[in-house]
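Single-structure report; data block below.
These values consider heavy atoms only, across backbone and side chains, with no hydrogens, waters or symmetry-generated copies.
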Amino acid sequence: MSELSFPLKNDLSRKIIHIDMDAFFASVEERDAPSLAKSPLVIARHPKDTGGRGVVTTANYLARQYGIHSAMSAQKAYELCPQAVFLPGNYEKYRAVSKQVREIFQRYTDLVEPMSIDEAYLDVTENKIQAKSAIKVAKCIQHDIWHELQLTCSAGVSYNKFLAKLASDYQKPRGLTVVMPEDAVAFLKKLPIEKFHGVGKKTVPKMHELGIQALCQMMLVKRNLRIIGDQEDYFLLILFSLKAMHYRDES
């Protein structure tokens with residue numbers, strides 16, 4: 001194993017795409033039964049059938065307007081939107097569609113890293129269509145998924161996985177967000193603090209109590225981070241990463 005040397009050298013030449021299917025399970029059900037798209041749709045067994053047990057797997061964007069989200073209890077979702085349609089998940093069908101999506105990815109690169117049934121990283125630095133632009137590849141993938149599977153996805157394009165994933169979530173649904181190396185710090189600074197992986201539900205209120213809504217505000221009050229406890233090292237790591245992001249090897 002090679003030794004870590006400083007200053008850090010960040011490879012800005014890589015072209016990484018993160019694809020995240022939009023409300024995947026709900027979108028598959030809407031595709032197969034278009035009338036469902038007219039109503040708030042929750043993928044979960046109806047709480048009336050389970051004695052109030054169960055959790056929401058996902059929900060369509062109409063249901064999300066009522067505050068319904070994944071991992072919420074089905075009972076809470078029902079209270080927020082009693083008129084919602086509750087549908088048990090068909091996971092065999094979702095896995096089959098996910099396989100079709102991954103087959104589309106493979107047309108463009110073999111360097112595919114699935115993260116779950118509905119998202120994956122693709123390294124398209126070298127790709128099968130010899131495209132110099134990762135944006136072109138991302139648009140081609142979105143086109144193929146829509147025209148072949150009648151589903152939409154959002155894409156994030158950047159030079160590392162961390163930024164590509166944040167970018168894919170930035171303009172959902174049907175989004176395509178590009179974070180160039182020279183724009184990375186500005187992009188991170190303006191993101192809400194809860195968008196960062198590791199900032200959980202318990203941490204967000206503590207950050208808000210400090211007046212921290214975004215990373216740029218956290219940087220202004222970093223000396224007070226000790227009250228967060230075990231999360232301090234994580235946030236300091238983000239700050240260090242921001243400072244190190246554009247280091248070059250001067251030799």
When rounded to the nearest 0.5 Å, the distance separating NE2 of His18 from OH of Tyr121 is 4.5 Å
Backbone of Ser168 reached by a side-chain donor or acceptor of Gln171 within 3.5 Å
no
Of the options Leu111, Ile16, Ile19, which is the one that meets Leu122 in a side-chain contact (heavy atoms from CB on, under 4.5 Å)?
Ile19
Starting from Val112, can I reach Ile145 by hopping between I/L/V/M/F/W/Y residues whose side chains sit under 4.5 Å apart?
yes
The single option from Met21, Glu29, Arg64 passing side-chain contact (heavy atoms from CB on, under 4.5 Å) against Thr58:
Arg64
Report the C-alpha distance between Leu41 and Ile43 in whole Å, list the side-chain angles of each, state the deciding distance to 0.1 Å, and finish with yes or no for side chain to side chain contact (heavy atoms under 4.5 Å, CB included).
CA-CA 7 Å; Leu41 174 62; Ile43 304 301; 4.3 Å; yes
Worked check of side chain to side chain contact (heavy atoms under 4.5 Å, CB included) between Val42 and Ile68:
CA-CA 8 Å; Val42 179; Ile68 298 172; 4.0 Å; yes
Is atom CZ of Arg45 surrounded by more than 12 heavy atoms (other residues, nucleotides or ligands) closer than 6.0 Å?
no
Using a 6.0 Å cut-off, check whether atom CD of Gln83 has over 12 heavy atoms from anything other than its own residue.
yes
Atom pair CD (Glu119) and OG (Ser98), whose distance is rounded to the nearest 0.5 Å:
10.5 Å
For the side chain of Thr152 and the backbone of Arg174, is there at least one donor-acceptor N/O pair under 3.5 Å apart?
no
Check for me whether Arg102 meets the cation-pi criterion with Phe105, that is, NZ or CZ under 6.0 Å from the six-membered ring centre and within 45 degrees of the ring axis.
no
Using the rule that two of Ile, Leu, Val, Met, Phe, Trp, Tyr join whenever any of their side-chain heavy atoms come within less than 4.5 Å, decide whether Leu12 and Leu163 are in one cluster.
yes
For the hydrophobic clusters of this structure (ILVMFWY residues joined by side-chain heavy atoms under 4.5 Å, transitively), does one cluster hold both Leu166 and Met115?
no
In terms of side-chain heavy atoms, does Ser154 have a donor or acceptor partner in Tyr170 at a distance below 3.5 Å?
no
Short side-chain to backbone donor-acceptor contact, Ser27 and Ala23, under 3.5 Å
yes
For side chain to side chain contact (heavy atoms under 4.5 Å, CB included), just list the numbers for Ile117 and Tyr91, CA-CA rounded to whole Å, side-chain angles, deciding distance to a tenth of an Å, and then say yes or no.
CA-CA 10 Å; Ile117 194 172; Tyr91 297 98; 5.8 Å; no
Does the pair Phe24 and Val97 meet the rule for a side chain to side chain contact (heavy atoms under 4.5 Å, CB included), with working shown?
CA-CA 10 Å; Phe24 182 48; Val97 177; 3.8 Å; yes
Hydrophobic cluster identity match, Leu87 and Leu62, side-chain contacts under 4.5 Å:
no
In terms of hydrophobic clustering (I, L, V, M, F, W, Y; side-chain heavy atoms under 4.5 Å; direct or indirect links), are Val157 and Met180 co-clustered?
yes
Asp20/Lys165 salt bridge by N-O under 4.0 Å criterion:
no
Evaluate the criterion side chain to side chain donor-acceptor pair (under 3.5 Å) for residue pair Tyr108 and Asp144; output intermediate values, then yes/no.
CA-CA 11 Å; Tyr108 296 93; Asp144 290 354; 2.5 Å; yes
Basic-acidic side-chain contact under 4.0 Å: Glu148, Arg107
yes
Does Thr125 use its side chain to pair, donor to acceptor, with the backbone of Lys15 at less than 3.5 Å?
yes
For Gln106, is there any backbone N or O sitting under 3.5 Å from a side-chain donor or acceptor partner on Lys128?
yes
Report yes if some heavy atom in the side chain of Lys93 is under 4.5 Å from a heavy atom in the side chain of Phe25; otherwise report no.
no
Indicate yes or no: does Asp123 engage Lys161 in a salt bridge with an N to O separation below 4.0 Å.
no
Has the side chain of Asn60 got a donor or acceptor atom that lies under 3.5 Å from a matching backbone atom of Ser39?
yes
